[in-house]
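Everything below concerns the one structure shown next.
These numbers come from the heavy atoms of this one structure, side chains and all, not from hydrogens, waters or symmetry mates. Fair warning: this is a prediction, and the values are worked out from it, not measured in the lab. As the structure lists them, so they are numbered: ligands from 1, and atoms in each ligand from 1.
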Amino acid sequence: MKADAIVSVETQIEDLSHDGRGVARIDGKVWFVEGALPGETVSVKRLKGRRSYSTGVVDSIIVESADRVTPKCGYFGTCGGCAVQHLSYPGQLDFKKKVVSDAFIGAHVPLPDYIDVLSDDPWAYRRRARLGVRYVPKKGGALVGFRERNNSYITGLETCEVLVKSVSDLLPSLQGLVEQLSVRDQLPQIEVAVGENATALVFRHLKPLTEADQHALAAFGERHQTQIFTQSKGPKTVTALWPAEPDPLNYSLEKFGLTIEFSPVDFVQINGGINERLVGVIISWLELNRQDEVLDLFCGLGNFSLATAQRAKSVLGVEGERALVQKAELNASHNQIRNASFKTRDLFDDGIVDWSESKFSKVIVDPPRSGAREALKRVVDHVKPEVIAYVSCNPATLARDSADLIESGFYGLDRLLVADMFPHTAHVETAALFRRVS
Ligand SMILES: C[S@@+](CC[C@H](N)C(=O)[O-])C[C@H]1O[C@@H](n2cnc3c(N)ncnc32)[C@H](O)[C@@H]1O
């Protein structure tokens with residue numbers, strides 16, 4: 001009988017997929033097996049069978065990997081927030097290096113001699129999150145947490161090992177708060193943003209809040225000393241509820257003496273410790289001097305721009321969101337940085353651009369998951385800097401863009417580093433340094 005037709009089958013796990021599932025080959029067909037690790041022999045229960053592959057979940061482990069550990073979190077396996085808590089932390093770092101090297105090999109980009117790794121405390125690191133909310137009386141009330149692994153249900157979390165501890169501690173009271181609200185079944189999500197000075201919660205609601213709802217939210221904010229915002233539609237409708245005029249959130253880049261302000265819905269790097277060290281790596285890779293004019297593409301709030309400006313002649317930050325550009329300008333001014341300027345531009349638009357005119361000697365790019373293909377083409381055609389430091393949250397597009405840079409004939413890959421921004425998840429943050437070769 002074919003494995004697809006039976007409930008449970010024994011197999012050996014050969015590899016780990018980029019999303020953290022064990023990979024097996026059964027009857028010539030690839031299986032992705034949740035909860036399985038390379039080197040293990042497991043009994044697999046089938047979840048879904050597709051034409052080219054099947055998915056399954058470990059039923060029992062027959063031969064266990066030496067890298068297997070007991071997950072710290074009781075929700076692991078159900079909650080979709082983490083993917084590899086069952087793999088030892090050194091094993092996770094090796095896995096992420098392999099995801100990057102596989103992507104580069106797949107894109108025919110020669111790898112450097114070694115891949116560096118940047119890691120920090122792998123627990124309680126997450127300072128930004130979107131918590132799903134569902135009101136399910138049958139399950140005892142409100143569920144607040146991340147989506148389950150294989151469906152759109154919400155895992156009701158009482159605690160979370162990767163969220164910053166003060167936010168994890170709030171989870172049970174948040175559940176109680178949602179249950180009190182008249183809009184409890186019209187409240188799809190709560191955004192969490194943790195600054196060093198304050199924590200903010202943004203309650204997205206699909207129906208208007210009653211006065212009693214507003215009182216309950218404000219009282220919660222006051223009791224837990226947490227800023228409360230409401231959001232009825234898009235990001236522009238985010239409104240402070242408690243306090244009426246909250247201080248902007250901030251994080252510091254201590255090593256650089258910088259404080260960066262942000263609002264609760266702005267993009268900030270999720271892991272503050274790794275972010276500060278990553279900024280340090282990029283600065284050291286760039287070997288800046290006072291002659292350097294630097295272009296920082298996808299600059300956000302100025303996370304890399306400001307530390308760069310402290311060491312260079314000038315920095316131009318380019319970013320798609322006007323609100324972030326305004327914050328970057330404010331952040332430069334609050335930090336007494338006068339040699340950084342910022343522009344709002346769509347960097348996926350391959351029309352005429354005005355950011356590639358100056359003589360930039362060094363370029364930083366830190367794009368969203370879709371990568372920086374169009375922007376890098378501009379950089380190669382019009383700027384040709386000495387070095388390009390590329391920070392990426394998607395190894396596949398990084399590898400694709402690296403192949404473009406190398407095929408241009410002007411750049412070689414000099415350094416590659418995995419920064420473990422998202423421990424216990426399968427997300428991989430990478431930095432690569434390209435040096436001009438001709
Ligand atoms: C990974 S974040 C990096 C932000 C910043 N470098 C940092 O470290 O905080 C990517 C940034 O790209 C911006 N972005 C997304 N699409 C864009 C586009 N089409 N043009 C310009 N910027 C864009 C986002 O707003 C976001 O700020």
**OP:** Apply salt bridge (charged side-chain N to carboxylate O under 4.0 Å, His left out) to K98 and list each qualifying residue two or more places apart in sequence or on a separate chain.
**Re:** D15, D102

**OP:** Please list, by chain and number, the protein residues whose heavy atoms come under 4.0 Å of ligand 1.
**Re:** F267, Q269, F298, C299, G300, N303, F304, E319, G320, E321, L324, R345, D346, L347, F348, D366, P367, P368

Original post:
Among K48, R149, R21, whose salt bridge (Lys or Arg N to Asp or Glu O under 4.0 Å) with E34 holds?
Top reply: R149

**OP:** Please answer whether the main-chain N or O of K72 pairs with a side-chain N or O of Q85 as donor and acceptor at a distance below 3.5 Å.
**Re:** yes

Original post:
When you check the side-chain N and O atoms of S361 and Q291, is any donor under 3.5 Å from an acceptor?
Top reply: no

**OP:** Apply ring-ring contact (aromatic ring centres under 6.0 Å, His included) to F32 and Y53, showing your working.
**Re:** CA-CA 8 Å; F32 295 105; Y53 68 91; 5.5 Å; yes

Subject >> Presence of salt bridge, D404 and K377, under 4.0 angstrom >> reply: no

